[in-house]
Engineer: 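This structure is in structure tokens; I'll ask about it shortly.
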Amino acid sequence: MDDPVEQPDRRPPGRRRRAAVSALVRAALVAAGLVTVYYVLPLDGRGTTADSVLLACGLLLVVVVFWWQVRAIVTSPHPRLKAVETLATTLALFLLLFAGAYFLLEHTTPGSFSEPLTKTDSLYFTLTTFTTVGYGDITARSQTGRVLAMIQMVGGLMLVGVAARILAGAVQAGLRRQGREPSDDFPTRRKD
């Protein structure tokens, strides 16, 4: 049996480490910035039609940002790191969009949930729905709240499944564009 030939990584370890730290810091700053915007944004409950349009525009924004980031992955010198940033940005946008929608729903139609929702409660409900933990302490009571939660569930499944597959394909395309195979970043040990 032939062992895979070890491909030497020509990039200096310090440069790789700096790129990784930089990507993680950017991802954390984007997520923190989006959470800050969520808490500062004056969500006052304009009405259900306006909220529905806002949600639809927000979901469209998530898709546009995702596709823009996928294109950036292919041309990035560090496609895997860019994919991590993309996932962090897309996930934060998706979750905060639904947290805002739940908050607006509760404030335009009180009683839509088992208890009044603050912005933190809305984010908590969004995260428990996304992670499928569903503690049960906050539940959607209204039909609109339940439909919104179902849309989030389907969107979450698509984000985890379809988006992850698209990101993996973009990373592979980016690596091939550089003349590297996906395994080049993780050399295998040679057995002597």
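Owing to the predicted nature of the structure, the values given are computational and were not obtained by experimental measurement.
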Engineer: Using the rule that two of Ile, Leu, Val, Met, Phe, Trp, Tyr join whenever any of their side-chain heavy atoms come within less than 4.5 Å, decide whether Leu29 and Leu87 are in one cluster.
Structural biologist: no

Engineer: What about Val160 and Val154, same hydrophobic cluster or not, with Ile/Leu/Val/Met/Phe/Trp/Tyr joined at side-chain heavy-atom distances under 4.5 Å?
Structural biologist: no

Engineer: Under 3.5 Å, is there a donor-acceptor pair between the side chain of Arg141 and the main chain of Gly111?
Structural biologist: no

Engineer: Of the non-hydrogen atoms in Leu97 and Gly58, which two are nearest, and what is the gap between them?
Structural biologist: CD2-C, 3.4 Å

Engineer: Quick one: pull up CG in Leu93 and OH in Tyr38 and give me the separation to the nearest 0.5 Å.
Structural biologist: 13.5 Å

Engineer: Using the rule given for side chain to side chain donor-acceptor pair (under 3.5 Å), can you reason through Tyr102 versus Ser112, listing the C-alpha separation, both sets of side-chain angles and the distance that settles it, and then say yes or no?
Structural biologist: CA-CA 9 Å; Tyr102 294 133; Ser112 291; over 6 Å; no

Engineer: Taking all heavy atoms of Asp137 and all of Ser114, pick out the closest pair and write down the distance.
Structural biologist: O-OG, 3.4 Å

Engineer: When you measure from the side chain of Ser76 to the backbone of Ala72, do you find a donor-acceptor pair of N or O atoms at a distance under 3.5 Å?
Structural biologist: no

Engineer: Give, for atom CD1 of Ile166 and atom CE of Met158, the distance between the pair rounded to the nearest 0.5 Å.
Structural biologist: 8.5 Å

Engineer: Taking Ile73 as the fixed residue, which of Gln172, Arg80, Lys82, His78 is the one that meets the side chain to side chain contact (heavy atoms under 4.5 Å, CB included) rule?
Structural biologist: Lys82

Engineer: Which pair of non-hydrogen atoms, one from Phe130 and one from Gly156, has the smallest distance, and what is that distance?
Structural biologist: CE1-CA, 3.8 Å

Engineer: For the pair Ser22 and Arg26, evaluate side chain to side chain donor-acceptor pair (under 3.5 Å) and give the outcome as yes or no after the intermediate values.
Structural biologist: CA-CA 6 Å; Ser22 178; Arg26 272 193 310 272; 2.6 Å; yes

Engineer: Transitively linked via ILVMFWY side-chain contacts under 4.5 Å: Val30 with Leu81?
Structural biologist: no

Engineer: May I ask you to test the Asp121-Phe125 pair for a side-chain heavy-atom distance under 4.5 Å?
Structural biologist: no

Engineer: Is there a path from Leu41 to Phe98 through hydrophobic residues (I, L, V, M, F, W, Y) whose side chains come within less than 4.5 Å of each other?
Structural biologist: yes

Engineer: Taking all atoms of both residues into account, what is the closest heavy-atom pair of Ala99 and Ser122, and its distance?
Structural biologist: O-CB, 3.2 Å

Engineer: Atom CZ in Phe103, atom OG1 in Thr126: separation rounded to 0.5 Å?
Structural biologist: 12.0 Å

Engineer: Could you grab the distance from atom CZ of Phe113 to atom OG1 of Thr139, nearest 0.5 Å is fine?
Structural biologist: 9.0 Å

Engineer: Do the ring planes of Tyr124 and Tyr135 sit parallel (below 30°), tilted (30 to 60°) or perpendicular (above 60°)?
Structural biologist: parallel

Engineer: Tell me whether Phe94 shares a hydrophobic cluster with Trp68, the cluster being built from Ile, Leu, Val, Met, Phe, Trp, Tyr side chains joined at under 4.5 Å.
Structural biologist: no

Engineer: Gln152 and Leu95: which non-hydrogen atoms are nearest, and at how many Å?
Structural biologist: NE2-CD2, 4.2 Å

Engineer: Using side-chain heavy atoms (C-beta onward) and a distance below 4.5 Å, is Phe66 in contact with Leu167?
Structural biologist: yes

Engineer: Is the side chain of Gln178 donor-acceptor paired with the backbone N or O of Pro77 at a distance under 3.5 Å, no angle test?
Structural biologist: yes

Engineer: Supply the atom-to-atom distance Thr90 OG1 to Trp67 CH2, rounded to the nearest 0.5 angstrom.
Structural biologist: 11.0 Å

Engineer: If you round to the nearest 0.5 Å, how far is CG of Leu105 from OG of Ser142?
Structural biologist: 5.0 Å

Engineer: Please give me the minimum heavy-atom distance between Leu34 and Ala92, naming the atom from each residue.
Structural biologist: CD1-CB, 3.8 Å

